[in-house]
Visitor: 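I have a structure I would like to understand better, so I am pasting it below and will then ask my questions one at a time.
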Amino acid sequence: MGAKDLKTRLGILLHKPELGHGIGTSSKLQLGSRRRDSSREVLEWRESFDQLLKSKSGVNAFHTFLKTEFSEENLDFWLACEDFKKTRSKTKLASKANRIFEEFVQSEAPREVNIDHETREITRKNLSGATSACFNEAQAKTRTLMEKDSYPRFLKSASYQDMTKQATSRGTSKRSHT
């Protein structure tokens, strides 16, 4: 870990003295908008990692959780790849590909994702003819890592447990009024 990373991580901790309960409050805020829909949505996140990634508020809640574990670069990389695949312009594709590679994939990148050397090299080679598929393998590895590692911890986390309690209590209080 470089000095820059350490400074960033310490900075995050210094700005969040209430780390534990700050997470709960931010997740409560995320649920406020579309109460009924979001209650169902929150409960669907535990059905599969795909359900979580399909939900904008799910991605936000997961991102907040990953920040507490200092591993949000995996999700940020995955989201950058999703955005990259929508790029239609060849010139933009090449410049975005290089930016993503420099930020997340190359060795010692500022927000380096945890992928093996072989995948890193395949991705480096793919850059020469940047197509919308050039990050597919690295993105898939990162996704698997999140699904097997961070996602189960997210489901067990206090912040997600609070969200599901709220979601289920909303559901039952709605039923009792009808």
Visitor: Locate the shortest heavy-atom distance separating Ser39 from Ala167; write the atom from each residue and the value.
Guide: O-CB, 3.5 Å
Visitor: State yes or no: are the ring centers of Tyr160 and Phe65 separated by less than 6.0 Å?
Guide: no
Visitor: With no hydrogens and no angle check, is any side-chain donor or acceptor of Glu103 less than 3.5 Å from a backbone partner on Arg99?
Guide: no
Visitor: Kindly indicate whether the side chain of Cys134, heavy atoms from C-beta on, has any atom under 4.5 Å from the side chain of Leu127.
Guide: yes
Visitor: Enter the distance from His63:NE2 to Ser71:OG here, rounded to the nearest 0.5 Å.
Guide: 9.5 Å
Visitor: Would you tell me whether Ser57 and Glu41 have side-chain atoms, one donor and one acceptor, within less than 3.5 Å of each other?
Guide: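 Yes, Glu41 and Ser57 have a side-chain donor paired with an acceptor closer than 3.5 Å.
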Visitor: What's the spacing between Glu118 CD and Thr123 OG1 if we round to 0.5 Å?
Guide: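 Atom-to-atom, Glu118:CD and Thr123:OG1 are 10.5 Å apart.
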Visitor: Are the ring centres of Phe84 and Phe101 closer than 6.0 Å?
Guide: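 No, they do not, as the ring centres are separated by 6.0 Å or more.
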Visitor: Indicate yes or no: does Arg143 engage Asp50 in a salt bridge with an N to O separation below 4.0 Å.
Guide: yes
Visitor: Any side-chain to backbone donor/acceptor pair from Tyr151 onto Leu145? Under 3.5 Å, distance only.
Guide: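 No; judged by distance alone, with no hydrogens or angles, the pair does not exist.
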Visitor: Test your reading of the model: is there a side-chain donor-acceptor pair from Thr119 to the backbone of Ile115, 3.5 Å cut-off?
Guide: no
Visitor: State the NZ-CG distance between Lys141 and Asp116, to the nearest 0.5 angstrom.
Guide: 4.0 Å
Visitor: Give the minimum heavy-atom separation between Lys85 and Arg88, together with the two atoms involved.
Guide: O-NH1, 3.7 Å
Visitor: Is there side-chain contact between Asp83 and Lys96, with heavy atoms separated by less than 4.5 Å?
Guide: yes
Visitor: Parallel, tilted or perpendicular: which fits the ring planes of Phe62 and Phe154, with parallel below 30° and perpendicular above 60°?
Guide: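 Ring orientation, 0 to 90° scale: perpendicular.
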Visitor: Without swapping roles, check the side chain of Thr87 against the backbone of Ser89 for a donor-acceptor pair under 3.5 Å.
Guide: no
Visitor: Quick one: CD on Glu72 to OG1 on Thr64, what's the gap to the nearest 0.5 Å?
Guide: 10.0 Å
Visitor: Could you tell me the separation between the CG atom of Leu155 and the CD atom of Glu47, rounded to the nearest 0.5 Å?
Guide: 11.0 Å
Visitor: Once rounded to the nearest 0.5 Å, what's the spacing between atom NZ of Lys86 and atom CG of Leu93?
Guide: 14.0 Å
Visitor: Thinking salt bridges, do Glu137 and Arg120 make one under a 4.0 Å N-O criterion?
Guide: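 No, Glu137 and Arg120 are not salt-bridged.
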Visitor: Please tell me if the side chains of Arg46 and Leu52 come closer than 4.5 Å, counting only heavy atoms from C-beta onward.
Guide: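 Counting from C-beta outward, Arg46 and Leu52 never come under 4.5 Å.
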Visitor: Between the main-chain N or O of Trp78 and the side-chain N or O of Gln139, is there a donor-acceptor pair closer than 3.5 Å?
Guide: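 Confirmed, Gln139 side chain pairs with Trp78 backbone.
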